[in-house]
Every structure is written in C-alpha cells, then in structure tokens.
Amino acid sequence: MTYKEMSRDELLKEREAVSAKYDELKAMGLKLDMSRGKPNTEQLDISMEMIDTLSRSHKLAGEQGVDCRNYGVLDGIIEAKRLLSAMIECPVDNIIIYGNSSLNVMYDTVARSMTHGVMGSTPWAKLDKVKFLCPVPGYDRHFAITEFFGIEMINIPMTSTGPDMDMVEDLVSKDKAIKGIWCVPKYSNPSGITYSDETVKRFANLKPAAEDFRIYWDNAYCIHHLYEDRQDHILEILEECEKAGNPDMVFKFCSTSKVTFPGSGIAAISASKANLEFIKKQMSVQTIGHDKLNQLRHARFFGDFNGMLEHMKKHADIIRPKFEAVLDSLDNELGSLDIAEWTRPNGGYFISLDTLDGCAKKVVGMCKEAGVVMTSAGATYPYGKDPHDSNIRIAPTYPTTDELKQACEILVTCVKLASIDKLIEMK
Ligand SMILES: Cc1ncc(COP(=O)(O)O)c(C=O)c1O
C-alpha cells in the first residue's frame, strides 16, 4: 500500500516504526557528506601519472616550438586546443584555452558583458534591467554568478528533453532585457537530463529580441558517461546555430575538472570566431597567457582524445557502483510508497530527488541532525528558493559505497518521516 492510500491511523502507526528507525540511526553518530559533486580520492589517483609527464629533464616545448615555461600564446597551445576541441566537439579554430576553472570563464563572460557589452552592444551595467533564464532545478553556482551581478533570474521548468522550450522561445523573443540562459545540456546538474535533438535545434533557431542574447552552454559533463552501452549524445550547438543563421548566439564552456584534477585542470570557451576575437581583446589586457605547462601536462598525459575517453572509462568504473547503491536504496525503500521521484542518469555527477511538495527542507534538516550533510534544499533554484520545496540534489561520488549505503538509509528514513507528517496534516 502506498502512503497516500493509508488512513490517518495507518499513517500514525507507520510513523511510530519509521520514527524509531530514525532515532536508532541518529544514535549511531555518523558523519557523512553527500553534498558536493567532488571526485573521490580513488578518482584523483588515476590521474597521478599526469604529474610525472613533466620534469626538469623533459623538453618543455610545445609541438609548435613554443617554450611552455615562458610567457606567450594567449589562447592556448595547439595540443591543448586539439584535445579540448575534440572533447567539446568544435573546430580547433573555435576554441580558447583558459586556466584552471570553467566557472571562472563563465563569471568572466558575464562580468565582461556587464562592463563592455557583447560584441559592441551596450554594457549591461548601463541598462535598467538585465534578465537571465534559469532552467530549474539547475547548478547553484551558475545562479550565484547572475545573482552577484544583480541580474534578475527567471525559472524555466526542466522537462525530460531539456528546458521548457515553448516558454524559452516565448520569453526570449519578447523581452529585450533577457540576455542569456544557463544550460547544462548533457547529464545536467542536478537532473542528469540530456537535451533532445529537437531541443538543441529549437535553441539554435531562437529569435531573441536582444541582439546580445547568448546561450551559456556549460557542457561540464560532455564525456562523463557512467555506462559503455548507455550513453547520451547531443547535437553540436555551434554548428546548429550556424545552420540557423545565428552563428554568434552561443558560448560553450568545458573543463577537465572532473577528468583530471578539479581546480588544477584546464578550461575552455568555444564560440564563433567573431565572439572569440571580442573575448581576446579583454583577455590580452587581463593576462599574458594561462598556465601552458598544465596544458602540456594534459596533452602529454592523454596523447589524444581517445586517451581521454579511455581515462573516462576508469572514472565510470569507480563511480558507477556508487550511483547504483543510491538508486538501489531509493528503489527498495521508496519505490512502492508514491512519495518521491528520482532520476536515473546515464552520466554526470548527480541524482535529483523530488519529495512531496513542502518536504525537502525538512528532509535535509533531519538528515543533518542524523549526521548526513546534503546540498541545502533550495540550492538548485535561483535565490535558493524552490517554489515547491521538493528538490534535493544527491552527489554520490565522494563517499565510499559503504558510507553511501548508510547515508541513503538515513535519507530514505527522513523522506518517509517528512512525507508521513505531511500526509497526516492533510487528512
Ligand atoms: C555544471 C557545472 N559547471 C561547472 C562546474 C565547475 O567547473 P570548473 O571546476 O571547471 O570551474 C561544475 C562543478 O560542479 C558543474 O557542475
């Protein structure tokens, strides 16, 4: 019987049992963290050989003869361009290699638009209002950037094929103040959803009222598959935009943060040549060049893109059992109760859990009391406000599988308790 089918008395009886279980788990005094999507130590270890690719006895010149120890090469050495352009699926002429973080590139892109506009448009800071569309649930750090610059954020519901495109098309075509949309098109953070071909085509064919509207296409999880035989694919947006006569409408971002070392990887932006020329003008003031030794390290470690794909299989082998442990727990404990829904991603770093409306904050709070740190409820929405108070992001990669099993036992118990309380209230 589902919880929704239970009478008030049956729910009260169930509450006693679940509550006793919660007290028992709480008494164990656990300290577990399922909050942030970080690779675990075993994952970091598989990239350790990269550190050995450069030493004082190695030739530290790039393929084109550039001495990587010295200044120069603003937009990245050719080896790094080749590697990351294959990763993000764009021609080598359409990419700039940056430093250690793609989030930093996104921040920079918004900051530059605020102060200097986009390819000759009015700087956003001079406008009365600037708005961004935010598919929800989404990545909290995207929303933090736009919030930081005082940009108004509009929620766009996610569907199983990507953001609600009827809404996106309607808003973008009518409102000149809408200057961008945050997208994680593949194995989305946190839902794991991959945009369908139709969604990508509709994005490429948008007719924005604002000439400086850009799609912020954060392909952070482009090669982060969990399975060899179940992999998602997306259409390449830059090419689709070109075909649609909108060549300048997209900025693509990626990094090797979850390929090699987070915080010590290499990041990139890919866009039309006109966009890249505009970006380089700012870059040439900002820096003489990024860390070419790290670019060389990455290029030598992987050899080529196939090397990178082989490496990603090792990551998948490590984290797949963790995702499966979480899904097993959710399926076994909540599968028949009709009080929650969750995603089953083929890749990426997260599982997204939706509780009954009004329960997420309570669940996260109870988990914390019992020693399990989850991402704050609401974090997956602009301004930290989930209008349904229902979404919880689960990050399975960092804890060990045993820790995850314990953490999930606590999580499902909290979901049950909060749901029972909500249903009793409604009876
Ligand atoms: C969608 C998305 N983009 C970007 C990042 C951060 O990338 P980087 O380490 O390259 O700044 C993350 C990290 O969780 C992410 O989930």
Side-chain angles (χ1 to χ4, degrees), residues 33-40 43-44 47 76 80 83-84 87-88 95-111 132-148 153 156 158 162-163 180-195 215-226 232 234 237 250-270 290-291 294-295 298 308 312 315 319 323 343 345 347-352 374-376 379-382 391 393-398:
D33 192 338
M34 288 208 288
S35 69
R36 293 240 62 109
K38 292 203 300 195
N40 57 68
Q43 283 179 276
L44 301 177
S47 299
L83 195 62
L84 264 63
M87 178 179 169
I88 202 174
I95 199 164
I96 296 176
I97 308 297
Y98 271 74
N100 71 323
S101 146
S102 63
L103 195 73
N104 188 232
V105 187
M106 291 178 242
Y107 176 97
D108 238 20
T109 309
V110 174
F132 251 63
L133 303 184
C134 300
V136 288
Y139 179 37
D140 52 350
R141 291 184 190 273
H142 283 163
F143 305 152
I145 293 176
T146 25
E147 184 172 2
F148 182 75
M153 293 180 278
I156 304 287
M158 280 290 272
I181 178 165
W182 288 118
C183 293
V184 184
K186 196 164 174 183
Y187 303 136
S188 190
N189 176 351
S191 60
I193 284 167
T194 296
Y195 296 8
I215 302 163
Y216 283 60
W217 199 255
D218 178 4
N219 213 346
Y221 300 106
C222 49
I223 53 170
H224 300 59
H225 311 288
L226 284 171
D232 296 357
I234 42 168
I237 182 92
V250 64
F251 293 135
K252 293 171 57 163
F253 306 92
C254 72
S255 79
T256 62
S257 278
K258 284 158 186 170
V259 179
T260 53
F261 301 125
S264 303
I266 49 176
I269 190 169
S270 161
H290 290 106
D291 181 349
N294 203 26
Q295 294 175 22
H298 278 75
M308 211 174 200
M312 292 314 288
H315 280 293
I319 62 175
F323 275 76
T343 52
Y349 260 60
F350 304 100
I351 290 169
S352 180
M374 306 289 302
T375 308
S376 316
T380 51
Y381 282 74
N391 188 250
R393 186 180 80 167
I394 303 174
T397 55
Y398 195 72

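Order of listing sets the numbers, starting from 1, for every ligand and every atom in it.
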Can you produce the list of protein nitrogen or oxygen atoms under 3.5 Å from a nitrogen or oxygen of ligand 1, alongside each distance?
residue  : atom   : partner : partner atom : Å
ligand 1 : 3 (N)  : Asp218  : OD2          : 2.5
ligand 1 : 7 (O)  : Ser102  : OG           : 3.2
ligand 1 : 9 (O)  : Ser257  : OG           : 2.6
ligand 1 : 10 (O) : Ser102  : N            : 2.8
ligand 1 : 10 (O) : Ser102  : OG           : 2.8
ligand 1 : 10 (O) : Ser255  : OG           : 2.7
ligand 1 : 10 (O) : Ser257  : OG           : 3.2
ligand 1 : 11 (O) : Ser101  : OG           : 2.8
ligand 1 : 11 (O) : Ser102  : N            : 3.2
ligand 1 : 11 (O) : Leu103  : N            : 2.9
ligand 1 : 14 (O) : Tyr221  : OH           : 3.4
ligand 1 : 14 (O) : Lys258  : NZ           : 2.7
ligand 1 : 16 (O) : Asn189  : ND2          : 3.0
ligand 1 : 16 (O) : Tyr221  : OH           : 2.6

- Task: For Arg141, check salt bridge (Lys or Arg N to Asp or Glu O under 4.0 Å) against everything at least two apart and list the hits.
- Result: none

- Test of ring centre spacing under 6.0 Å for Trp182 and Phe132: yes

- Query: Rounded to the nearest 0.5 Å, how far apart are OH of Tyr139 and CZ of Arg393?
  - Reply: 7.5 Å

- Message: I need the full list of salt bridge (Lys or Arg N to Asp or Glu O under 4.0 Å) pairs touching residues 250-260, with sequence neighbours left out, sorted by first then second residue.
- Response: Glu236-Lys252

- The reported gap from CE in Met374 to CG in Asp33 (rounded to nearest 0.5 angstrom) is 9.5 Å

- Message: List the residues meeting salt bridge (Lys or Arg N to Asp or Glu O under 4.0 Å) with Lys186, not counting sequence neighbours, and say none if there are none.
- Response: none

